[in-house]
Amino acid sequence: MFGLTALELARIQFAFTVSFHIIFPAITIGLASFLAVLEGLWLKTRDSDYIKLFHFWSKVFAVNFGMGVVSGLVMAYQFGTNWSFFSDFAGGITGPLLTYEVLTAFFLEAGFLGVMLFGMNRVGEKLHFFATCMVALGTIISTFWILASNSFMQTPQGFEIIDNRIVPVDWLAVIFNPSFPYRLLHMTTAAFLAAAFFIGASAAWHLLKGNKSSAMKKMFSMSLWLILILAPLQALIGDAHGLNTLKHQPVKVAAMEGHWENKPGEATPLILFGIPNMEKEKTEYALEIPYLASIILTHSLDKQVPALKDYPPRR
């Protein structure tokens, strides 16, 4: 099809699915905690603005949660269809990790979701708040297990290969692999930021349309304060994550940057745009910023970032 191989088609299909799917879990994680904060503030202050905002965003959360589940099911099936060899080879670890996510997180979220969405006038206030907190906790636990699985695929440890299959020998090492803490913090912070921008944009739209109620002002203020705190924190976490990736996956960093070779004595530039040419082993039409890759990845003006040609090619 269009001159593409089955592998390239599988990559394109999976990339589309995961790119579409990640939007919904990210916003779900942030919105769940936002709902818990709103209900907690309402119980503490009895300010009706908070409960109005809770009801408004709980409906958005319900739709977003459903979309995340549906798109996630498609992605799960693609593990078996597009990447059947990987599932057979690494299923001894990725399977249990995803099962733990379902048992400890998804069931927790689903079990209390109905109480949170439909139980406001059917159960006590404290029990309802507890249900909201459990939904929020479930999203965080889900993040933990999904990032443990993803991080293992990046920096695997605690396993042996027996009969051409990965067999876990140390589950703590499997879960708490070298990149896991950085990925967990980076993704969780990103999820809260995504929700904060989503909430802030909604509030800004209402304010621009003339709805300058106290509830909209509170919503706008809460989102901006969260962005103000998390945005610089995310930059610091991202920097630490990048250094961790350079340490454990230098070839991956070079491939992401399209960085083929270092010139003697020159710092590594950051390639903003380019088309990698595998046959010529160069990135054509490269638009570069001198020194920037060295500054970002080595925190210096003279150290070089490892290049693809520093490693033997493998098929």
Side-chain angles (χ1 to χ4, degrees), residues 14-15 17-34 36-37 64 68 71-72 75 93-94 97-98 100-101 104-106 109 136-158 172-201 223-259 270-272 292-299 305-306:
F14 190 78
T17 304
V18 73
S19 299
F20 181 78
H21 168 71
I22 189 59
I23 298 170
F24 300 104
I27 295 176
T28 294
I29 295 164
L31 277 186
S33 294
F34 182 59
V37 170
N64 196 80
S71 57
M75 186 177 64
I93 286 181
T94 58
L97 290 178
L98 295 179
Y100 297 152
E101 188 265 339
T104 63
F106 185 75
E109 295 173 69
L137 177 62
T139 63
I140 301 299
I141 297 174
S142 179
T143 308
F144 178 93
W145 290 116
I146 294 297
L147 266 295
S149 178
N150 179 268
S151 299
F152 173 81
M153 289 188 278
Q154 307 298 320
T155 53
Q157 66 175 21
L172 287 179
V174 167
I175 295 168
F176 298 99
N177 57 78
S179 66
F180 171 69
Y182 301 91
R183 293 177 185 278
L184 179 63
L185 288 174
H186 195 252
M187 184 62 225
T188 305
T189 307
F192 281 104
L193 269 176
F197 277 109
F198 184 36
I199 295 164
S223 63
L224 290 186
W225 276 111
L226 187 59
I227 293 169
L228 182 64
I229 295 169
L230 291 185
L233 180 62
Q234 177 72 322
L236 295 175
I237 297 171
D239 178 65
H241 187 191
L243 297 178
N244 176 266
T245 305
L246 181 64
K247 177 181 177 181
H248 295 280
Q249 297 175 284
V251 181
K252 175 181 175 179
V253 172
M256 288 190 301
E257 296 298 325
H259 176 49
L270 181 69
I271 301 176
L272 296 178
L292 193 54
S294 290
I295 293 173
I296 293 173
L297 289 166
T298 70
H299 294 179
V305 177

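These numbers were taken from a predicted model, which means no experiment stands behind them.
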Colleague: Quick one: does Q234's side chain have a donor or acceptor within less than 3.5 Å of a partner on H186's backbone?
Modeller: yes

Colleague: Between T245 and H241 (side chain of the first, backbone of the second, donor and acceptor by atom type, cut-off under 3.5 Å), is there such a pair?
Modeller: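 The answer is yes, because a donor-acceptor pair under 3.5 Å joins these two groups.
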
Colleague: Give the minimum heavy-atom separation between G138 and A105, together with the two atoms involved.
Modeller: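 Minimum heavy-atom contact is O-CB, 3.4 Å.
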
Colleague: Counting heavy atoms not belonging to K247, are there more than 12 under 6.0 Å from its NZ?
Modeller: no

Colleague: What distance separates L184 CG from T189 OG1, expressed to the nearest 0.5 Å?
Modeller: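 Reported value, rounded in 0.5 Å steps: 8.5 Å.
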
Colleague: Does the S223 side chain pair with the main chain of I199, one donor and one acceptor, at a distance under 3.5 Å?
Modeller: no

Colleague: Taking side chain as C-beta onward, heavy atoms only, is S142 less than 4.5 Å from E109?
Modeller: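 Touching, per the 4.5 Å side-chain cut-off.
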
Colleague: Rounded to the nearest 0.5 Å, how far apart are CD1 of I27 and CD1 of I22?
Modeller: 10.0 Å

Colleague: Taking only residues two or more places apart in sequence or in another chain, which ones pass ring-ring contact (aromatic ring centres under 6.0 Å, His included) with Y182?
Modeller: none

Colleague: Which heavy atom in H21 sits nearest to a heavy atom in G68, and how many Å separate them?
Modeller: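 Reported closest heavy-atom pair: CE1-O, 3.1 Å.
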
Colleague: To the closest 0.5 Å, what do you measure between CZ (F144) and OG1 (T188)?
Modeller: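 That separation rounds to 10.5 Å.
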
Colleague: Testing the basics here: between A196 and I227, what is the closest heavy-atom pair and its distance to 0.1 Å?
Modeller: CB-CG1, 3.6 Å

Colleague: Using only atom types and a distance under 3.5 Å, with no angle test, would you say the side chain of N177 pairs donor to acceptor with the backbone of I175?
Modeller: yes

Colleague: I need the L246 CG to T298 OG1 distance, nearest 0.5 Å.
Modeller: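 Between L246 CG and T298 OG1, I get 8.0 Å after rounding to 0.5 Å.
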
Colleague: Are any non-hydrogen side-chain atoms of F180 and L147 less than 4.5 angstrom apart?
Modeller: yes

Colleague: For R183 versus S151, what's the shortest heavy-atom pair and its separation?
Modeller: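 Result for this residue pair: CD-OG, 2.9 Å.
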
Colleague: State, to 0.1 Å, how close T155 and P178 come at their nearest heavy-atom pair, and which atoms those are.
Modeller: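 Closest approach of T155 to P178, heavy atoms only: O-CD, 3.6 Å.
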
Colleague: Just checking, any donor-acceptor pair under 3.5 angstrom between side chains of T28 and N64?
Modeller: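 Side-chain D/A pair, T28 to N64: present.
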
Colleague: Please give me the minimum heavy-atom distance between L31 and A195, naming the atom from each residue.
Modeller: N-CB, 3.8 Å

Colleague: Within this structure, what is the CZ-CD1 distance for the pair F192 and I229, rounded to the nearest 0.5 Å?
Modeller: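 So the gap between those two atoms works out to 12.5 Å.
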
Colleague: Indicate yes or no: at least one non-hydrogen side-chain atom of E257 is less than 4.5 angstrom from one of V305.
Modeller: no

Colleague: From L226 CG over to L193 CG, what is the distance, rounded to the nearest 0.5 angstrom?
Modeller: 6.5 Å

Colleague: So M75 and F14, do their side chains get closer than 4.5 Å, heavy atoms only?
Modeller: yes

Colleague: Do I146 and L98 make a side-chain contact, defined as non-hydrogen atoms from C-beta onward lying under 4.5 Å apart?
Modeller: yes

Colleague: Report yes or no: does T143 contribute a side-chain atom to a donor-acceptor pair with the main-chain N or O of T139 at less than 3.5 Å?
Modeller: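 Yes; at least one donor-acceptor contact below 3.5 Å.
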
